[in-house]
There are 2 protein chains.
Amino acid sequence: MKVIIVGGVAGGASCAARLRRLDEKVEILMVERGPYVSYANCGLPYYVSGTIENESSLLVATEQMFRTVFAIDCRPNCEVIGINSKKKTVDLKNHQTGEVTTEKYDKLVLSPGAAPIRPPLPGIDLPGIFSVRTVADAKNMREWLDRETDRSVGNSFTGVDTVSKPKHAVVVGGGFIGLEMVENLVHRGLEVTLIEKLNQVMPPLDPEMALLVKRYMEKRSIKVEVNDGVAGFRKSANGGLEVLTEAGKAHPADIVIMAIGVKPETALAKMAGIEIGQRGGIRVNEQMVTSNPDIFAVGDAVEVKDFVTSQWTLIPLAGPANRQGRIVADVIAGRKSKFRGTQGTSICKLFEATIAQTGTNEKVLKQLGDTDYEKIYLYPNSHAGYYPGAKILVIKVLFRKSNGKLLGAQVLGEDGVAKRIDSFAMAIQMGCTIYDLEESELSYAPPYGSAKDPVNFAGMVAADVLKGDMPIIHWEAVGKGLVLDVRNPQEVEAGGYPGAVNIPLPQLRSRLKELPRDKEIHILCRSAQRAYYATRILLQNGFKAKNISGGMLARSHRAVESSGDKS
Amino acid sequence: MKVIIVGGVAGGASCAARLRRLDEKVEILMVERGPYVSYANCGLPYYVSGTIENESSLLVATEQMFRTVFAIDCRPNCEVIGINSKKKTVDLKNHQTGEVTTEKYDKLVLSPGAAPIRPPLPGIDLPGIFSVRTVADAKNMREWLDRETDRSVGNSFTGVDTVSKPKHAVVVGGGFIGLEMVENLVHRGLEVTLIEKLNQVMPPLDPEMALLVKRYMEKRSIKVEVNDGVAGFRKSANGGLEVLTEAGKAHPADIVIMAIGVKPETALAKMAGIEIGQRGGIRVNEQMVTSNPDIFAVGDAVEVKDFVTSQWTLIPLAGPANRQGRIVADVIAGRKSKFRGTQGTSICKLFEATIAQTGTNEKVLKQLGDTDYEKIYLYPNSHAGYYPGAKILVIKVLFRKSNGKLLGAQVLGEDGVAKRIDSFAMAIQMGCTIYDLEESELSYAPPYGSAKDPVNFAGMVAADVLKGDMPIIHWEAVGKGLVLDVRNPQEVEAGGYPGAVNIPLPQLRSRLKELPRDKEIHILCRSAQRAYYATRILLQNGFKAKNISGGMLARSHRAVESSGDKS
């Protein structure tokens, strides 16, 4: 039995190593187009800034290790240039010698990854425009940033500033890699502009959550331009670049990072004549088998089933790629492993902040025409407020109206984000309901959480909504009823909802006669906690009351304006 | 309907507030013996050091808030001195006026908590010996530490050091509160000795894990004396104290903290004639109803069912207390809520380290005579090793041999501990198997984790064991077979297992003939990873091979010596 694995990074390398562990006898050939196998592509942005100092740190396992420890014929700098799936052969080109050879396989595993999208825009090939995929990309960027640029053009009279390091960077695309590059370029001392064609950064988030990410960057003097695509690039008078946008702007740039997404590499799949899905990725079944029973595919190049929505999707992330690689090894070795699909758990560091999500988001539910869901917003402390260092978490949770099943969570903040998203991720995997979240026994001591952890709190709030104890209304619907603000007058003075009636919560029971019984009352406070108490009082006294979900805090970052939104 | 709630901290206060939200009409009287309701007792150790600066930070909700927001008759400084469960009355003593009144109830909720154990040892009442329960305790400690002590006795000649602040502290008891007090006393600049009667600190951990906690403290110059109980206290010549131990030692102390555990407060329960369980706590059912259908009990005073072992247990933690309070409110309001039991999830900060556990431990399984379990030890990085700041996590995972169900996890380390314990906690709650852990899609980016998160890794290792791919042997059983060390010679030189044969992993396939086929081979490396690869090679070549679980790293902290343990 001979297995050829094409692509030696996350999915391919995992598959190769596990296959050897399962089977000492199988012949394994792993080829990798680039010079390195098993490198840490997730670390590349941090190498650019020098946060990761040495290139060697990025090399997880070497060719040598694959050869000696795993007895794998490991060939970097070796590209597949042809596949004959009838004869079950691949044509390999050694990029160092130029030699082309043909190898037979019994099973072929494709792990080609996904390529950064580089649209054929005017000037796209100018020096200084980079993508982030390989170690070479990161090295080239670092060298480009290290170099001193002659800026004497137009400045020769003073002699000042004639030589300078790159100063302005433009990052095109506001997804994970874009944001990581923004952070790392700022660490290098550059002034950074981020350009995003969509109306929001971080596509896995819903727009109102992404708005907070945009503001967070703007507070750090990063220029963030959403709703504007790149039209082209040109050289500027001072020897730098200019990034031209569809809206007609020109942003100066000494370096440009293209991070508008990736596209599954399907050239090999096409050579092999295997099925490509509607999303443009290689179509595989639960055993990661393609439409050809002798060809497997894993990683960023394949379409996977979304665990929550059951839709085909593209999830170019290292975690699923590694698990898929293991599953292919299992299946080749005759085991019954299955890939369970993906829930899109992802996380991104942005300076002090962490941005994370798992499961599905509201955008996707709306696209699917799914109306059997409810959402809540929470703003709990990351740990006990009385212990130093607590930060506010912004949490959005989506769940099934009909049965309480958890559908998705988005968490932003400067402390304790990863912990909560992992709890939510595990919960979604196990089919948790919001009632399960209420009862979860998570770790608590003041430096780490609260006796009611934010995850419990999410369950409690959601349960109050589903049980009818706390009807809620979202900001996009506020405007028709009476708005009752139950905060203190000082808080209202600092900013409130126009036309709202103010009755501070402690006075509510004694001032019920001031409220109408024929009109829906929408209750407002800072975070919806006091409004919850007020909702309970009003409901039990026969009023029609709803809590405005997320209160003033949610209002501060809603993406859709509501009718009373002029204040 | 009138409900009297006795005890106004975690469980009682949660119950009172939720009951009001569920029912505007019910009359609620909440009495609290101490001067504060709803204070943050988990924050007390941090108040002693000044990490939490102001007393006011410890007050979560005030009497005033309960009165105005929740319309609750809230009475601090008010103690229950009698219960007549036939007449359904309680006698209340107002500690400020001395007045005694009798109040009728329809439902009574007991949330009296647990009292620090203070054995009647000689000298136990000397000034300077404190327990940690109330705000007053913490204030008294802080004042005691702030005061300047006259040390002129025996030192009047030199005049030096005649006045000094407390310098030596002895903490008695190495559980959560003991450890938190150790840290906070060190922050105050004291030299600390910790005395623990058991053979280990942190009883929720297994001894070999607790050993690492002890060493961690010792590295910070804390004197840790295990296996030695306190025999008494006496005044020393210089005006301080001496703590006398059962082993005959005398430890100087300017302050002593008694933290040897807590005992459920059952005096009220006894007055009410309700059942007390074998563990000494109030016995309740899933609705938190005691043996008297009109009396509920919650919090540290009750026995709860262990979710994993189904045994009655005492878990004096704030999280369960809060959830129990909510459940009682639900039940009184006519809802069907049930307490699911507890899994003992807990966490403790100790300087830079975090110590956490969830589910059951091996000690308990052994006590129960349960042999249907296996354990593994892991030493993964807290996040991608190539990203700065990664620290080694020490993880012990227990799972069912028969079906792979996760039973418990213990995690120690200086980064990412809380996150992993919460994932394990959620997994146990949802009845996860180790196969589910393998497939969990947790958040990954280099600053937060690895593509194979430590939680996935635990699942993978456990699955390899259960599927028979990697037979393991634990250190306590090593000694009879041949030990094969597959590390590099330099590593072996720095410390190895006496008599082990050394064949570095890359040479193993070519040197198989050097190994015996009639003898069990126990394979050793640093963390058991390379030994796993070696185990696979040997097994498939017909050898009898087992991986020594946790490798040299596990050896460095095993609590039970193995036969070859003289090196």
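All chains are named by letter (A, B, ...) in the order of the sequence lines, taking the proteins before the strands, and each is independently numbered beginning at 1.
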Are any of the side-chain nitrogens in [X] or [Y] under 4.0 Å away from the carboxylate oxygens of its partner?
X: Arg326(B); Y: Glu438(A); result: yes
X: Glu286(B); Y: Arg340(B); result: no
X: Lys349(A); Y: Glu180(A); result: no

Do the non-hydrogen side-chain atoms of [X] and [Y] ever get within less than 4.5 Å of each other?
X: His383(B); Y: Pro446(B); result: no
X: Tyr532(B); Y: Val461(B); result: no
X: Lys419(A); Y: Ser443(A); result: yes
X: Met460(B); Y: Leu437(B); result: no
X: Met426(B); Y: Cys432(B); result: no
X: Ile347(B); Y: Ile355(B); result: no

Contact class of [X] relative to chain A, heavy atoms under 4.5 angstrom:
X: Tyr444(B); result: both
X: Thr535(B); result: neither
X: Arg335(B); result: side chain
X: Glu441(B); result: both
X: Ile537(B); result: both
X: Arg21(B); result: both
X: Asp464(B); result: side chain
X: Ile428(B); result: neither

Can you tell me which of [options] forms the most heavy-atom pairs within a distance under 4.5 Å of chain B?
options: Pro504(A), Ser423(A), Pro45(A); answer: Ser423(A)
options: Pro388(A), Gly449(A), Gly431(A); answer: Pro388(A)
options: Asp469(A), Leu505(A), Val417(A), Asn456(A); answer: Asp469(A)
options: Ser440(A), Pro506(A), Ala534(A); answer: Ser440(A)
options: Asp422(A), Leu442(A), Thr68(A); answer: Asp422(A)
options: Pro320(A), Ser14(A), Ala321(A), Pro447(A); answer: Pro447(A)

Pick from [options] with the largest number of heavy-atom pairs that fall under 4.5 Å of chain A:
options: Ala71(B), Ser56(B), Cys348(B), Ala356(B); result: Ala71(B)
options: Ala384(B), Ala40(B), Ala10(B), Ser337(B); result: Ala40(B)
options: Ser510(B), Gly385(B), Gly43(B); result: Gly43(B)
options: Val455(B), Thr342(B), Ile421(B), Thr358(B); result: Thr342(B)
options: Asn322(B), Leu59(B), Asp436(B), Leu22(B); result: Asp436(B)

Check your understanding: Does a side chain donor of either Thr345(B) or Gln357(B) reach within less than 3.5 Å of an acceptor in the other side chain?
Key -> no
Point to revise | Flag for Thr51(B)-Tyr387(A): side-chain donor and acceptor within less than 3.5 Å | key: no
**Study point:** Interface moiety of Asn54(A) toward chain B, non-hydrogen atoms closer than 4.5 Å
**Key:**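 No part of it gets close to chain B.
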Point to revise | chain B contact via Ser450(A) - which portion, at a heavy-atom distance below 4.5 Å | key: neither
Point to revise | Whether over 12 other heavy atoms sit under 6.0 Å from Glu24(B) CD | key: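 More than 12 heavy atoms, drawn from other residues, nucleotides or ligands, come within 6.0 Å of this atom.
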Exercise for review: Could you check whether the rings of Phe70(A) and Phe66(A) sit parallel, tilted or perpendicular, using 30° and 60° as the cut-offs?
Suggested key: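 The rings of Phe70(A) and Phe66(A) sit tilted, inter-plane angle from 30° to 60°.
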